[in-house]
Number of protein chains: 2
Amino acid sequence: MNHQQTLNRALKGIGDFSQQQSALIGEHCAFLKVNKQETLLAAGQVCNAFLFLLTGACYQFRKTDADPNIIDLHLAGDCVVNQLSFISQQPSNETIAAYENSELLVLTIQSLHRLIALSPAFLQLAKLLQVSTLRAEFYDNAMTPAEKYHRVLDDKPQLIQIFPLKYIASYLKITPETLSRVRAAI
Amino acid sequence: MNHQQTLNRALKGIGDFSQQQSALIGEHCAFLKVNKQETLLAAGQVCNAFLFLLTGACYQFRKTDADPNIIDLHLAGDCVVNQLSFISQQPSNETIAAYENSELLVLTIQSLHRLIALSPAFLQLAKLLQVSTLRAEFYDNAMTPAEKYHRVLDDKPQLIQIFPLKYIASYLKITPETLSRVRAAI
DNA sequence: AATCCTACTTGATTGAAATCAAGAAATCAA
DNA sequence: TTGATTTCTTGATTTCAATCAAGTAGGATT
C-alpha cells in the first residue's frame, strides 16, 4: 500500500476530506523512515510536527530514575504527536521513540498553517490534537485494572501483541504483576 | 468591573491579543445570566459555544445511578466548555450547570469561525480547548489524595471555599471521608 | 550449547483508601 | 425556632493493588 493510501485511511478517522484535500495534505508531508529505538522527539525539544505512523510502532514515555513511564503507544494508522508541546510550542517533557522500524509522514506546523491558509477545512486537522485527550480519559482513573485491560483488548488488541506486558502495564498505570494476574484470570 | 474588562483578563491567560482584538472577541460574545442550578449544557446536547465565566461558579458532571460524578469545577475567569463535544460536535456525556448565580459571555462556534476568518490570530482561542486537558493531567492518577488536595489548595484555593467538600472529593476522585481526613491532617 | 539478562509468573505480605457505620454540625424549609 | 435533611467528621473493618520475593521461561550474545 502506498503512503497516500495509508494517509487517506488515517484521515478518514479525523474528518471529512475530499480526495483532493487528502492529496494536498499528502503533498505537504515529508516521508521519514526510522529504525527500532531511534528517537523521534527528545524530551526538551519542541514538538513542531504531526507524525502519521504508516508502518511499525512507536511509543511516548517520560524518563524517571526507575523504569520509564509509558505515556502512549502508537500503531500504524495512528497520529503521533506530543500535543502539549505542539500546542504551546514549549519543550516536551516526553520522549517519542520508535519501538519497531517505522515509516512515517511528517506534517510540520508550518505546513499545517499553510494548509489552513489554503482552506479552513484543514482546521479539522486540529482535531488530531484531541485524539490523545480522548485516549487519556479512556483509561480512566476510576477503572479497575481488569477493566482497563479488557478495554485495551476491545479497543486496540494489537497493542498487546506488539508491546511487552510491562509497557502495557505502565501505560495503564498498574504494575506488571497485577496485569499478569488480570490476564491469567480470563 | 464591566464585562469587557473581565474578558480581557481571561484572555490574558490564553494568548496575546491586542486591545482591539480583545474588543472584537467581546463584540462576538453574547451576555448570559443564569440562576443557581440552572443547566447550561444538558447531557446529550452538542456543545456549540465557549462560555467565559464572568461571575459566579459552574460545574460539569456526569450523571450516575448514585452521586453525580464531578468532572470539572469553574470559577469566575474560567472558560467553561465541554471540549470533547465542542471539537467533535457530538452530543456531550456531561452536564454543565451553574452552582451559583452566574454571569457569562457566550462565544458560539460560528462566531469563533467568523473571528478566525477575520484573522488567524484568533486561532489562539483554540488553545482554550487545551486548558482542560492540562487540568485533567494536573490531578494525575499517580497522585495521593493528600497531594491532590494540596495541589488544589495551591492552584485554586477558592474552589474549596465555594464548592462543598463532596464535590471536591468527586472531582479529585477520592471519597469524601478520605478528603475529610486529609484536611484534618494538615 | 552455555551464559546472561530481561520478561513474565506466582505467592506472601503490606498498606492505603474504600466501605461501612454512626454521630455531630451545618443548611434548609416550614 | 424547630425539625428535617444533607454534609462533614471520626472510627472500625475490609479490600485490592502495590510491594517484596523467588522462581521460570524466553531471547540475545558469545
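Just so it is clear: chains get the letters A, B, ... in the order the sequence lines come, proteins before strands, and each one is counted from 1.
- Between B/C29 atom SG and B/L105 atom CG the span is 5.0 Å, to the nearest 0.5 Å.
- The distance from atom OH of A/Y167 to atom CG of A/D67, rounded to the nearest 0.5 Å, is 9.5 Å.
- Under the Watson-Crick or G-U wobble criterion, with both distances below 3.5 Å, C/dA30 is paired with D/dT1.
- The side chain of B/T175 places an N or O atom within less than 4.0 Å of a non-bridging phosphate oxygen (OP1 or OP2) of C/dA18.
- Nucleotides of DNA chain D nearest to A/I174 and B/L165 differ in position, and the one nearer the 5' end is that of B/L165.
- The nearest whole Å value for the distance from the CZ atom in A/R181 to the C1' atom in D/dA21 is 11 Å.
- Between the base of D/dT10 and the side chain of B/R183 there is no donor-acceptor pair shorter than 3.5 Å.
- Nearest to the side chain of B/E177, among D/dC8, D/dT19, C/dT19, sits C/dT19.
- Between B/L179 atom CG and D/dT7 atom P the separation is 14 Å, expressed in whole Å.
- Within the 4.0 angstrom heavy-atom criterion, only backbone atoms of the sugar-phosphate kind lie near B/P164; the bases stay farther away.
- The residue among B/A146 and B/K36 whose nearest nucleotide of DNA chain C is located toward the 5' end is B/A146.
- Listed nucleotides C/dC8, C/dA17, D/dA18 differ in distance to A/T178; the shortest reach to its side chain belongs to D/dA18.
- Note on B/S180: every side-chain N or O is 4.0 Å or more away from OP1 and OP2 of D/dC8.
- From B/L104, atom CG reaches atom CZ of B/F31 across 8.0 Å, with rounding to the nearest 0.5 Å.
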